[in-house]
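The structure appears below as C-alpha cells.
Every value quoted in this text rests on a predicted model; they were computed, and no experiment measured them.
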Amino acid sequence: QVQLVESGGGLVQPGGSLRLSCAVSGSMFSLNAMGWYRQAPGKQRELVAAITSGTSTNYADSVQGRFTISRDNAKNTVDLQMNSLKPEDTAVYYCNAERRLPFGSSQVYWGQGTQVTVSS
C-alpha cells in the first residue's frame, strides 16, 4: 500500500506563506493523480488542489491564485505552495493519491495530515 507523509505545516500570520510537502513511499509514477484536501473543525473535508500525472491542475475557488500544487520527482513529493494565507485557511491539510487499477477500478490513499494555523 502507498504511504503518504505530510510535512511543512505550522503557525503563520495572515498574509504569510507556507509550503507543504507530501512524501510518497513508492514511485510517484504509479499514481495517476495527487492532491491536497483540508478539513477545519466542524467542517467537511474539501479539495484544495489536485494534479494529474500529466501535470494538469485544478484548485478550489477559495484558493485560486494563492496556492500552487506541483510535483518534485527528484524528492518524490507533491508540494503545495500557499501564499497570502488567510485565517479561514486554518485546517488540517491531507495529502491524497489515487492509483488506477485494472478493470476500471482505483485505490485512494490518505496521509495523516499536517496542521496549518493562520493567526496573528
Query raised in the report: By salt bridge (Lys or Arg N to Asp or Glu O under 4.0 Å), which residues pair with Lys86, not counting sequence neighbours?
Result: none

Query raised in the report: Can you tell if the side chain of Asn96 reaches within under 4.5 Å of the side chain of Leu4, non-hydrogen atoms only?
Result: no

Report summary line: For Gly113 and Glu6 the tightest heavy-atom approach is N-OE1, 2.9 Å

Report task. Report the C-alpha separation of Leu101 and Gln107 in whole Å, then their side-chain angles, then the decisive distance to 0.1 Å, and conclude whether the side-chain contact (heavy atoms from CB on, under 4.5 Å) test is met. Result -> CA-CA 7 Å; Leu101 300 173; Gln107 179 65 54; 4.1 Å; yes

Query raised in the report: Looking at side-chain heavy atoms only, is the closest gap between Asp89 and Phe67 below 4.5 Å?
Result: yes

Requested in this report: For atom CD of Gln112, decide whether the heavy atoms of other residues, nucleotides or ligands shown that lie under 6.0 angstrom number more than 12.
Outcome: no

Report task. Can you sort out the partners of Asn32 under side chain to side chain contact (heavy atoms under 4.5 Å, CB included), two or more places apart, ordered by chain and number? Result -> Arg100

**Report entry** Main-chain N/O of Thr52 paired with Thr55 side-chain donor or acceptor, under 3.5 Å
**Finding:** no

Query raised in the report: Minimum heavy-atom separation for Ile51 to Arg71, with atom names?
Result: O-NH2, 3.6 Å

Query - Centroid-centroid distance, Trp110 to Tyr37, less than 6.0 Å - result: yes

Query raised in the report: Is the shortest heavy-atom distance from the side chain of Ser119 to the side chain of Gln13 under 4.5 Å?
Result: no

Query raised in the report: Can you tell me how far the OG atom of Ser106 sits from the CG atom of Leu31, to the nearest 0.5 Å?
Result: 11.5 Å

Query - Val116 and Met82, any side-chain heavy atoms less than 4.5 Å apart - result: yes

Query raised in the report: Which pair of non-hydrogen atoms, one from Thr57 and one from Tyr59, has the smallest distance, and what is that distance?
Result: OG1-CE1, 3.6 Å

Query raised in the report: Which pair of non-hydrogen atoms, one from Met34 and one from Cys22, has the smallest distance, and what is that distance?
Result: CE-SG, 4.1 Å

**Report entry** Cys95 and Val78: CA distance, side-chain angles, deciding distance, side-chain contact (heavy atoms from CB on, under 4.5 Å) verdict
**Finding:** CA-CA 8 Å; Cys95 184; Val78 60; 3.9 Å; yes

Report summary line: Closest heavy-atom pair, Val24 versus Asn76, reported as atoms and distance to 0.1 Å, is O-ND2, 2.8 Å

Requested in this report: Apply side-chain contact (heavy atoms from CB on, under 4.5 Å) to the pair Val2 and Arg99, showing each step before the final yes or no.
Outcome: CA-CA 9 Å; Val2 172; Arg99 181 172 64 184; 4.1 Å; yes

Requested in this report: Would you sort out whether Ser17 and Asn83 count as a side-chain hydrogen bond (donor to acceptor under 3.5 Å, both in side chains), showing the intermediate values?
Outcome: CA-CA 4 Å; Ser17 298; Asn83 298 325; 2.9 Å; yes

Query raised in the report: Between Thr90 (side chain) and Thr117 (backbone), is there a donor-acceptor pair under 3.5 Å?
Result: no

Query raised in the report: Taking the six-membered ring of Tyr94 as reference, does the NZ or CZ atom of Arg38 fall below 6.0 Å from its centre and within a 45° cone about the axis?
Result: no

Query raised in the report: What closest approach, in Å, do Ala49 and Leu80 show between heavy atoms, and which atom pair accounts for it?
Result: CB-CD1, 4.0 Å

Query raised in the report: Would Leu20 and Thr114 satisfy side-chain contact (heavy atoms from CB on, under 4.5 Å), going step by step from the backbone distance to the final call?
Result: CA-CA 8 Å; Leu20 305 183; Thr114 185; 4.1 Å; yes

**Report entry** With sequence neighbours excluded, residues passing salt bridge (Lys or Arg N to Asp or Glu O under 4.0 Å) with Arg19
**Finding:** Asp79

Report task. Please check if Val48 and Tyr109 belong to a single hydrophobic cluster, counting links between Ile, Leu, Val, Met, Phe, Trp and Tyr side chain heavy atoms closer than 4.5 Å. Result -> yes

Query - Residues, nucleotides or ligands: over 12 heavy atoms within 6.0 Å of Glu88 CD - result: yes

